[in-house]
Amino acid sequence: MADSSKKMQIVFASAECAPFVKTGGLGDVAGSLPAALVRAGAEVIVMVPKYATIKDEYKAQMEHFSDFYVSLGWRNEYCGLEKLEYDGVTYMFIDNERYFARDYPYGFFDDGERFAFFSKAITESLQHLPAGFECDILHCNDWQTALAPVFLREFYQGLPLYDRVKTVFSIHNVAFQGQFSDTVMEDILGVAHIPAAASQLRCDACSINYMMGALRYADAITTVSPTYANEIQTPEFGEGLDGVLRERSYALQGILNGIDVTGFDPATDKRIAANYTVEDRGGKAVCKAKLQEELGLEVRDDRPLMVMVTRLTRQKGMDLVMYALDRILSGGVQVAVLGTGDRDYEDGLRYFQDKYPGTMAARIEFDPALSQRMYAAADMFLMPSKFEPCGLSQIIAMRYGTLPIVRETGGLKDTVIPYNEFTGEGTGFSFSNFNGDEMGDAVFRAARLFWDNRDAWNQLVTQAMSQDFSWTRSADKYLDLYFFMHPEIERPATVVDEPVVVAEPEPKAEPVVEEPKAEEKPVKAESKVKIEAALETEAKPAAKSAAKKTTTRKTTSKKATTTKATTTKTTATKTTTTRKRTTAAAKKAAEAEAAPEVKAEAAVEAKPAVKAPAKTTAKKTTATKSTTAKKATATKAAATKATAKKAAPKAAAKPAAKVEETPAESKAEATVEAKPTAKTTTRKRTTTAKKTTAKAATPKAETKPAAAKEEPKAEVKVKPEPAKETPVSPVATTVEKAPSKKTSVRKATATRKRR
């Protein structure tokens, strides 16, 4: 059962972490992902070596938390934990001056020993964390921390504190694996006597591979993009580890990195010439003009400006750039490059700068401030990498409205949607193969769009700037993995979201609940006069077709009607259907109760009220003449006359309702029955009612709104009387055996002639 009181507690281990120490993308990840995890409700402690290069301002804020000794092979090494709270995250710096008090994080002869110590110190530190913090997830990054899962399994497994710890290992670049001589296996690692560990760390006859150890020992493996996760399982990209990665492909997944959307925000960035937003990009034109002036390029807004901010290496696609740069520059595209790297590439860029003054600018240096101005000012950003695990530059470029031109590899393929000229979709441009001509074609596809269709270009920029590359999205993916590994811990995000999900349907469900109530109200009125809904449902379907025919014939022959009858068209139609034994007193009582309740029902039941009697009308006309009409006339003639004198509309409605005594199988039966009634009782009154009835039958649908209040009254009276007349079996039998429709119509016509 999930524990709702416990938070997910994560130890995040990395050899570098911004802003304390950073040499590449790993520092950005370690500096941003833990903070996003904390915002999502997890508890995180980040472990980083205490390098001498960390600024004094941070060192001054550190608090000595604990110290102990770590066994490393035959030696015991001091380890101090220096605690620092920064931006809502707890940092624990591993202190050992012999290993970390150096001018640069990497590149020393004893790196194998230094980071073996770091990995062992991480696992040992799990026993010395703040009170209440019990590690659930140990998340290690790259080869510098790759031995931690190995040490945890071989030296600490079985201890109560470590039993719950699950390990995650993230590959940021599979090319850097941490390969060392196998002599360190016993001298430093102390695992030579453990066959399982020795065999799984060894990569050849005389070497061991730290990263291979993590790939075999970690509970889960991640890398920095879904495409890169697939690529490293192939010999082309796997750097010799593709076999191991294929074996553990079930535990491998790619999760895209994010960027600090607050730090990289064109609306607030103080490092750029002018601020702008996705809605108002006027400031971007200012940034472009300022950068062109700064770099010595022609200040022209009609020429696309393409930039690169990169290491000048083959991996970053510089071979392709050198091949296609002459074609690009001569084609009218301005180019600016910032970076350092291989000497051949640096010299080549300087050559093109001299060859194309005003069109090409090369800055062979490392300048973070200038790079920011280039991201904001450019129209296009070129990134033709041979391979790219994730890449941040293309994401930053899109954030600043600069469209990336990338090769479809790794994270570049996952983050940049190629432009589709037919649908307008996309956030940039791409090409597939590591080929200079393909790259040049992609550049000119972008340039032509810039020149020929500025509206489509602007829409593409809007789409690029609207992408979500925040760390919040990435953190959510990592939490999915963490909680999958610890199902007994309840995820806070799920608990928070549930009420919202439940709350939304409730308002929608309320109308659904109210509708039945609205329908039930008439039912309550009907129940008061003992109506059975079943009677109505039996009559309606059977009588629809006959109703139309019989009613139409009668209405065409009786179009003349009085002014008063016109105002009560619908009323007469409804009331004539209730001519069965409803007394004036019962009628008034039913009207008072039903009028406010059946408004909603009126529009729906108005049609069935006329259609229902159709089937039985033809059958019952003859029987009504001989049986029903006589009884009704003899019994209720006096009441009918008295009522008829009060008002013409009322006379047409009430007497008609009283005359009917036919069985209760239909509501509007009186449309035909009014004729026999007229014979024996009051011809003048009944004739008026008949005419009104006939007139009302045809325009019924038109007059519904006008007589909405009175229609329900008639319906309520119609339904109760059938219930009362149901026991009169002889009448019912006579009605069912009545003559056919034609016979009924003939007799009805004869009746009119006699009158």
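The closest donor-acceptor contact from the side chain of Asp87 to the backbone of Val89 lies at 3.5 Å or more, if one exists at all. Judged purely by atom type and a 3.5 angstrom limit, Tyr210 uses its side chain to pair as donor or acceptor with the backbone of Gly112. Although no hydrogens or angles enter the test, the distance criterion places a donor-acceptor pair under 3.5 Å between the side chain of Asp280 and the main chain of Gly282. Between the side chain of Gln463 and the backbone N or O of Gly426, at least one donor-acceptor pair lies under 3.5 Å. In this structure, the side chain of Trp451 engages the main chain of Asp302 through a donor-acceptor pair within 3.5 Å. Of the possible donor and acceptor atoms, one in the side chain of Asp111 sits under 3.5 Å from a partner among the backbone N and O of Gly107. Of the possible polar contacts, none joining the Arg373 side chain to the Leu291 backbone as a donor-acceptor pair under 3.5 Å is found. Distance alone, capped at 3.5 Å, is enough to place a donor-acceptor pair between the Tyr51 side chain and the Ala15 backbone. Side chain of Arg407 to backbone of Lys386: a donor-acceptor contact under 3.5 angstrom is found. Asn275 places no side-chain N or O within donor-acceptor distance of the main-chain N or O of Lys270, the cut-off being under 3.5 Å.
Across Cys287 and Ala273, no two heavy atoms sit closer than the pair SG-N, 3.9 Å. Annotation for Val416 and Pro404: closest pair CG2-CG, 3.7 Å, computed over non-hydrogen atoms. Of all heavy-atom pairs between Asp379 and Arg303, the closest is OD2-O, 3.9 Å. The two residues Cys140 and Thr145 come nearest to each other via the heavy atoms CB-OG1, 3.3 Å. Across every non-hydrogen atom of Met465 and Thr277, the tightest pair is CE-C, 4.1 Å. Here the closest non-hydrogen pair linking Phe429 and Leu403 is CE1-CD1, 4.0 Å.
Counting non-hydrogen atoms of neighbouring residues, nucleotides and ligands closer than 6.0 angstrom, the OH atom of Tyr106 exceeds 12 such neighbours. Atom CG of Asp103 has 12 or fewer heavy atoms from other residues, nucleotides or ligands within 6.0 Å. In Gln467, the CD atom is crowded: over 12 heavy atoms of neighbouring residues, nucleotides or ligands sit closer than 6.0 Å. Residue-environment remark: NZ (Lys59) exceeds the threshold of 12 foreign heavy atoms within 6.0 Å. By the 6.0 Å contact criterion, CZ on Phe176 is open, its count of non-hydrogen atoms from other residues, nucleotides or ligands being 12 or less. Surrounding OH of Tyr351 are at most 12 heavy atoms belonging to other residues, nucleotides or ligands under 6.0 Å away. The environment of CD in Gln61 is crowded: more than 12 heavy-atom neighbours from other residues, nucleotides or ligands sit within 6.0 Å. Within 6.0 Å of the OH atom in Tyr323, the count of heavy atoms belonging to other residues, nucleotides or ligands does not exceed 12.
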Between Lys288 and Asp301, is a salt bridge (charged side-chain N to carboxylate O under 4.0 Å, His left out) present by the stated rule, with each step listed?
-> CA-CA 8 Å; Lys288 179 178 179 179; Asp301 60 359; over 6 Å; no
Show your reasoning for whether side chain to side chain contact (heavy atoms under 4.5 Å, CB included) applies to Asp455 and Asn453.
-> CA-CA 5 Å; Asp455 288 340; Asn453 193 344; 3.9 Å; yes
Begin from the C-alpha positions of Asp347 and Arg350 and carry the test salt bridge (charged side-chain N to carboxylate O under 4.0 Å, His left out) through to its verdict.
-> CA-CA 5 Å; Asp347 291 343; Arg350 292 189 183 99; 3.1 Å; yes
Asp242/Arg246 under salt bridge (charged side-chain N to carboxylate O under 4.0 Å, His left out): CA gap, chis, key distance, verdict = CA-CA 6 Å; Asp242 54 287; Arg246 284 195 300 273; 2.8 Å; yes
With side chain to side chain contact (heavy atoms under 4.5 Å, CB included) as the test, would you mind laying out the steps for Met374 and Arg363 before giving the verdict?
-> CA-CA 11 Å; Met374 292 174 73; Arg363 293 292 180 269; over 6 Å; no
Decide side chain to side chain contact (heavy atoms under 4.5 Å, CB included) for Val443 and Arg327; before the verdict, give the C-alpha distance in whole Å, the side-chain angles of both, and the deciding distance to 0.1 Å.
-> CA-CA 10 Å; Val443 171; Arg327 170 191 172 192; over 6 Å; no
Apply side chain to side chain contact (heavy atoms under 4.5 Å, CB included) to the pair Val44 and Leu33, showing each step before the final yes or no.
-> CA-CA 10 Å; Val44 184; Leu33 177 56; over 6 Å; no
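With hydrogens and angles left out, the side-chain atoms of Tyr345 and Thr313 include no donor and acceptor closer than 3.5 Å. Side-chain contact, Gln177 with Asn209: a donor N or O sits under 3.5 Å from an acceptor N or O. For Ser432 and Glu438, the side-chain atoms include no donor-acceptor pair closer than 3.5 Å. At a cut-off of 3.5 Å, with distance as the only test, no side-chain donor of Asp110 or Tyr99 sits close to an acceptor on the other residue. One side chain, Thr227 or Asp414, offers a donor N or O that lies under 3.5 Å from an acceptor on the other. With no hydrogens or angles considered, no side-chain donor-acceptor pair links Gln179 and Ser207 at under 3.5 Å. In this model, a donor atom of one side chain and an acceptor atom of the other lie less than 3.5 Å apart for Gln292 and Gln334.
A cation-pi contact, defined as under 6.0 Å to the ring centre and within 45° of the axis, is absent between Arg445 and Tyr419. Cation-pi geometry between Arg454 and Phe450 is satisfied (NZ or CZ under 6.0 Å from the ring centre, within 45° of the ring normal).
Ring geometry, Phe100 versus Phe118: the interplanar angle exceeds 60°, so the pair is classed perpendicular (tilted spans 30 to 60°). Taking the six-membered ring for Trp and thresholds of 30 and 60 degrees, His139 and Tyr478 have ring planes inclined between 30 and 60 degrees apart.
Distance CZ/Arg216 to CE/Met211: 14.0 Å, rounded to 0.5 Å. If you take OG on Ser393 and CE on Met398, they are separated by 11.0 Å, rounding to the nearest 0.5 Å. Distance check, rounded to the nearest 0.5 Å: CD1 of Ile10 to CD1 of Ile137 gives 7.0 Å. Remark: Arg314 CZ to Asp319 CG distance equals 4.5 Å, nearest 0.5 Å. Atoms CZ and SG, from Phe12 and Cys17 in turn, are 8.0 Å apart once rounded to the nearest 0.5 Å. Rounded to the nearest 0.5 Å, atoms CG (Leu370) and CD (Glu294) are 5.5 Å apart.
Using a 4.5 Å heavy-atom cutoff, the side chains of Gln394 and Glu388 are not in contact. Contact of the Phe431 side chain with the Leu320 side chain is registered, since non-hydrogen atoms from C-beta on lie closer than 4.5 Å. Residues Val307 and Leu338 are not in side-chain contact: their nearest non-hydrogen atoms beyond the backbone lie 4.5 Å or more apart. Counting heavy atoms from C-beta on, the side chains of Leu325 and Met360 come closer than 4.5 Å.
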Please tabulate, for the side chains in residues 256-267, all donor-acceptor contacts under 3.5 angstrom to protein atoms that are two or more places apart in sequence or on a different chain.
from	atom 1	to	atom 2	distance (Å)
Asp260	OD1	Thr262	N	3.2
Asp260	OD1	Gly263	N	3.3
Asp265	OD1	Ala267	N	3.0

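For an aromatic pair to be called close, the ring centres must be under 6.0 Å apart, and Phe20 with Phe93 satisfies this.
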